[in-house]
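Hydrogens, waters and symmetry mates are skipped; everything else that's a heavy atom, side chains included, is used. Numbers restart at 1 for each chain; the letters A, B, ... are given by sequence-line order, proteins then strands.
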Amino acid sequence: QQQVKQSPQSLIVQKGGISIINCAYENTAFDYFPWYQQFPGKGPALLIAIRPDVSEKKEGRFTISFNKSAKQFSLHIMDSQPGDSATYFCAARRGNQGGKLIFGQGTELSVKP
Amino acid sequence: NAGVTQTPKFQVLKTGQSMTLQCAQDMNHEYMSWYRQDPGMGLRLIHYSVGAGITDQGEVPNGYNVSRSTTEDFPLRLLSAAPSQTSVYFCASSDRAGQFFGPGTRLTVL
């Protein structure tokens with residue numbers, strides 16, 4: 001049972017465009033939703049995270065939109081750059097399970113110059 | 001701060017061999033976790049720990065053992081390696097600010 005479903009599996013965007021990656025979750029007990037960025041040969045790095053008491057969080061060119069009723073959240077990368085080319089993972093966690101993230105399957109983003 | 005460190009970076013084993021993947025963190029985090037990453041499957045939790053002396057199973061614990069004798073160290077043991085354990089293994093530690101990953105160990109079991 002996949003508790004966090006991520007789409008699309010791969011995404012190609014032109015430089016300067018908007019990249020959008022979507023995730024859906026099933027467990028309503030989840031209360032922390034991070035996004036990770038991973039470059040080849042490296043470990044995942046925390047990019048941005050949101051809790052369900054807000055509908056949007058923005059950090060620079062990266063924005064998380066959160067829809068609690070639909071149990072969905074998405075990552076928007078504005079003005080996408082070739083350096084943003086990486087694999088992105090969404091994840092979810094229950095508040096009392098600090099070391100226990102449930103990950104989506106990942107999205108391989110390629111930003112073309 | 002070195003953050004989360006993992007050794008070795010690469011390892012090749014034969015079926016049936018045993019080995020220990022090392023993980024250490026210097027951030028004094030309570031929580032530590034082990035994940036495996038396979039193509040198209042994201043990262044799956046193997047075992048995790050909420051503090052020294054306390055461990056619990058994740059999604060895919062079979063074939064792996066862990067222990068947490070200190071806050072800093074969280075080794076992962078493969079008792080009898082199988083080809084299905086060929087993967088990239090990531091250790092992570094976390095606090096309220098988030099979960100932080102090590103650089104990974106690429107393991108191949110022949």
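B:L43 touches chain A through backbone and side chain together, each having a heavy atom under 4.5 Å away. For B:E30, no part lies under 4.5 angstrom from a heavy atom of chain A. In this structure, no portion of A:P34 lies under 4.5 Å from any heavy atom of chain B. Interface remark: A:Q38 contributes side-chain atoms only to the contact with chain B (heavy atom separation under 4.5 Å).
To the nearest 0.5 Å, the span separating CZ on A:R93 from OG on B:S94 amounts to 6.5 Å. The structure places CD of B:Q57 at 10.0 Å from NZ of A:K100, a figure rounded to the nearest 0.5 Å. A distance of 4.5 Å separates CD of B:E59 from CD1 of A:I102, quoted to the nearest 0.5 Å.
Open room surrounds CD on A:Q9; 12 or fewer heavy atoms of other groups in view lie less than 6.0 Å from it. More than 12 heavy atoms of other residues, nucleotides or ligands shown are found within 6.0 angstrom of CD on A:Q81.
Cluster annotation: B:F100 and B:L76 are assigned to distinct hydrophobic clusters (Ile/Leu/Val/Met/Phe/Trp/Tyr, side-chain heavy-atom contacts under 4.5 Å, transitive). Taking hydrophobic clusters as Ile, Leu, Val, Met, Phe, Trp and Tyr residues chained together by side-chain heavy-atom distances below 4.5 Å, B:V60 does not share a cluster with B:Y35. Hydrophobic clustering of Ile, Leu, Val, Met, Phe, Trp and Tyr side chains at less than 4.5 Å, counting indirect connections, keeps A:Y88 apart from A:I20. Note on B:M32 and B:V4: separate hydrophobic clusters, where clusters join Ile, Leu, Val, Met, Phe, Trp and Tyr whose side-chain heavy atoms are under 4.5 Å apart, directly or indirectly. Note: the hydrophobic cluster containing B:L45 also contains B:F90 (ILVMFWY, side chain heavy atoms under 4.5 Å, direct or indirect links).
Most heavy-atom pairs under 4.5 Å with chain B: of the set A:A45, A:P44, A:G43, A:G41, this distinction falls to A:P44. Contact count versus chain A (heavy atoms, under 4.5 Å) is highest, among B:C91, B:G42, B:G98, for B:G42.
The backbone N or O of A:L101 lies less than 3.5 Å from no partner atom in the side chain of B:Y48, so there is not a single donor-acceptor pair.
Close approach to chain A, defined as a heavy atom under 4.5 Å from one of its heavy atoms, is seen in B:G102, B:P103 of residues 102-110 of chain B, taken by number.
Applying the side-chain contact (heavy atoms from CB on, under 4.5 Å) rule to B:S69 yields no partners; only residues at least two apart in sequence or on another chain are considered.
At a threshold of 4.5 Å between non-hydrogen side-chain atoms, the residues A:L46 and B:Q99 do not count as touching.
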